[in-house]
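Working notes, structure below.
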Amino acid sequence: MNASRGIASIKEDWFVNVLAAVKLQHSWSQIFTGETITLRCEIQGGEGKVWKYEWTAPNTNSPPTSSEYRISRVSVSHSGDYRCRGSSDYLLTGWSDAFRLTVSFPSKPTVTLQPSWTQIYSGETVTVRCEIQGGEGAQWTYEWRAAKLNTPPTSNEYRIIRATESDSGGYSCRGRRDYFFSEWSDIITLTVSYEPRPVLTVSPSWLSPGASVTLNCEVEHPSAGWSFYWYKAVPDLSEKSSSYELLPDGSGTAQDSYIIHGQTHTAGYVCRAGRGDPEYHTDHSRPKFVWSADVHSAASLTVSPDRVQHFTSDSVSLTCEGNFTEWRVRKFSEDGRLYSDCRRMTGSTCDINTSKSDTAVYWCESGSGEFSSAVNITVHGNGPILVSPVHPVTEGASVSLSCSLRTQKILSNVFFYHNDKLIQNDPRGELKISAVSKSDEGFYKCQYSGRESAQSWMSVKADSSSSPVWLMVGLVCGVSLIIILLLLLCRCRQSKLITQIDWFSITLKYHLMCVVIVIVTWSSTP
């Protein structure tokens, strides 16, 4: 009796230390329909015993009696709780804790691009990625259908370094683990095109000295995270080209516009754009120019004959002037082409035998990087031309406009128009303006025998001698003279006497003071 109780106590103690547990053979957190899985019943503490197994499982009437429960091509109906226990001789373990199996339909993979730009340019780096929602942590291998892939990768990323046009095309993927395959993803189309060239615009293209200039840089797909770089063109006569100098705060700006304050002289500008990490840069834009007709530049351009309009086959000389030894004449034609060299350059003079293609803006560039004033030249065939000055006219100066034919230089009975309004109709052949004012600025044209010339712009600039600076000089001197006279008056009342020597000394000091003011003002005036 006591012996049997001792044996039962040992069995109970041993039974307590034997536990059953259900484990999934695979380390997948997500099981998809169609896959093959194996559940294993493990009895801890029962090593060395021969066990028989019992299972409780959903969707089965005849569960296995071995330690492994293999399910081929699982379906959603196999989802549920799985338990097991073991028996050996007269011993029986308790049921294991429930193992919850969840089977779901596999998500369709998606292909994404990083960066997420469907338009990629030659030289950029892009990563094509295959993503399977809910499949995280699984040991997937991947298959790709892609353009230009002879040996497709088996990872979920396909990195294209320095893309070319041959990388363009559709990309799709699917995932695989063991014998299970997901669906193919939808196709994402990648387009690789040649390196883009931004388009630069400047406003205004002709400016008054001191005006602000706005640069705008336009690229394709402007919302694709571009940053912008802004440069000034610096003439390089030895290379017959220009180098580019970064403008202040012009590196990697987020805005596609850049404002230059206080522009006074002719200058050229370019821009380019960048995006991505590492940053990819576009080519530089074609240079665009802002032209100034200001003849007070360090360099200037004179035209002979001095007029805007010319006939075809006329001989026209363009001469560069300034304290420089090397020059080139540049030409920006009506069709937007930039020409860097004169066909017939002798020293600092460019000689042109005009044709219609010579209608353009012209300016000089020195070997020291200076730009001259710019001039407009237009070339016409038959019909009258307007003879008007090529450079701006100073306020207060006189100017004469006339009309000319190829075969007859002096005409009479000419109609003159200012901004399309008739302003002179008499036998005279000239339009004379004795004292030009700002209101005389505008477009002029002439008409002779029913035929009209083209119109040309006549610019009027302020007279520097009547500038506010000189008015201030006169005001200072005038006020000083009044103060001196008042002091003299007070002194006369006190002493009743002022000698000629005192008067000479005072007036001499006054004139010397005015001379000093004039010299200082003149030296500081641009």
Side-chain angles (χ1 to χ4, degrees), residues 11-111 129-145 151-158 172-185:
K11 290 179 180 178
E12 289 174 2
D13 291 342
W14 182 85
F15 179 79
V16 168
N17 292 326
V18 178
L19 299 174
V22 177
K23 294 185 177 179
L24 181 66
Q25 182 178 350
H26 314 281
S27 58
W28 305 333
S29 58
Q30 181 71 54
I31 305 298
F32 297 119
T33 58
E35 291 191 291
T36 297
I37 63 167
T38 300
L39 298 171
R40 180 177 289 112
C41 184
E42 295 182 356
I43 298 178
Q44 301 169 357
E47 295 80 1
K49 292 286 184 180
V50 177
W51 296 95
K52 293 182 180 180
Y53 297 86
E54 293 182 62
W55 291 85
T56 62
N59 193 30
T60 180
N61 296 321
S62 55
T65 57
S66 64
S67 62
E68 290 187 347
Y69 188 170
R70 182 178 176 85
I71 307 173
S72 300
R73 299 186 61 83
V74 296
S75 64
V76 175
S77 64
H78 288 105
S79 298
D81 292 338
Y82 289 77
R83 294 181 177 87
C84 72
R85 69 179 179 180
S87 63
S88 177
D89 298 332
Y90 49 82
L91 298 177
L92 184 65
T93 68
W95 287 102
S96 67
D97 293 335
F99 177 86
R100 176 66 55 87
L101 178 67
T102 302
V103 181
S104 60
F105 290 104
S107 299
K108 190 175 186 178
T110 57
V111 176
R129 181 176 291 121
C130 186
E131 296 179 350
I132 301 177
Q133 296 297 325
E136 296 82 0
Q139 299 300 313
W140 294 100
T141 56
Y142 295 83
E143 294 185 24
W144 288 88
R145 289 175 177 167
T151 55
T154 56
S155 65
N156 71 322
E157 287 190 351
Y158 173 49
S172 63
C173 69
R174 70 176 179 177
R176 173 184 176 179
R177 61 184 189 189
D178 288 347
Y179 300 102
F180 169 75
F181 293 88
S182 72
E183 289 184 77
W184 284 100
S185 70

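Put simply, CZ on Phe99 and CG on Leu39 are 6.0 Å apart, with the number rounded to the nearest 0.5 Å. Between Glu143 atom CD and Thr154 atom OG1 the span is 10.0 Å, to the nearest 0.5 Å. In this structure, Tyr69 OH and Thr38 OG1 are separated by 11.5 Å, a value rounded to the nearest 0.5 Å. Note that CZ of Arg40 and OH of Tyr53 are 10.0 Å apart. Values are rounded to the nearest 0.5 Å. Considering SG of Cys130 and CH2 of Trp184, their distance stands at 9.0 Å, rounded to 0.5 Å. The SG atom of Cys84 lies 12.0 Å from the CD atom of Glu68; values are rounded to the nearest 0.5 Å.
Ring orientation note: the planes of Trp144 and Tyr158 are tilted relative to one another, at an angle of 30° to 60°.
Counting heavy atoms from C-beta outward, Arg70 and Thr36 have side chains that approach closer than 4.5 Å. Residues Leu24 and Ile31 are in side-chain contact: their nearest non-hydrogen atoms beyond the backbone lie under 4.5 Å apart. Counting only heavy atoms from C-beta outward, the side chains of Asn156 and Arg129 approach each other to under 4.5 Å.
Residues passing the salt bridge (charged side-chain N to carboxylate O under 4.0 Å, His left out) test with Lys52, sequence neighbours excluded: none.
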Verdict with reasoning, Tyr142 to Glu157, per side chain to side chain contact (heavy atoms under 4.5 Å, CB included): CA-CA 9 Å; Tyr142 295 83; Glu157 287 190 351; over 6 Å; no
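Formation of a donor-acceptor pair under 3.5 Å by the Thr33 side chain with backbone atoms of Val76 is not found in this model. At distances below 3.5 Å, not a single donor-acceptor pair connects side-chain atoms of Ser185 with backbone N or O atoms of Ser172.
Considering every non-hydrogen atom in both Arg73 and His78, the closest pair reads O-CE1, 4.4 Å. The nearest pair of heavy atoms linking Phe32 to Val103 is C-CG1, 4.0 Å. Of all the heavy atoms in Ser67 and Trp55, the pair that sits closest is O-CZ2, 3.4 Å. Closest of all the heavy-atom pairs between Cys173 and Thr110 is SG-O, 4.5 Å. Scanning all heavy atoms of the two residues, the minimum distance from Ser96 to Val22 falls at OG-CG2, 3.4 Å. The minimum heavy-atom distance linking Gly94 with Ala20 is given by the pair O-CB, 4.0 Å.
Judged as a salt bridge (Lys or Arg N to Asp or Glu O under 4.0 Å), the pairs with a partner in residues 80-93 (not counting sequence neighbours) are, in order, Glu54-Arg85, Asp81-Arg100.
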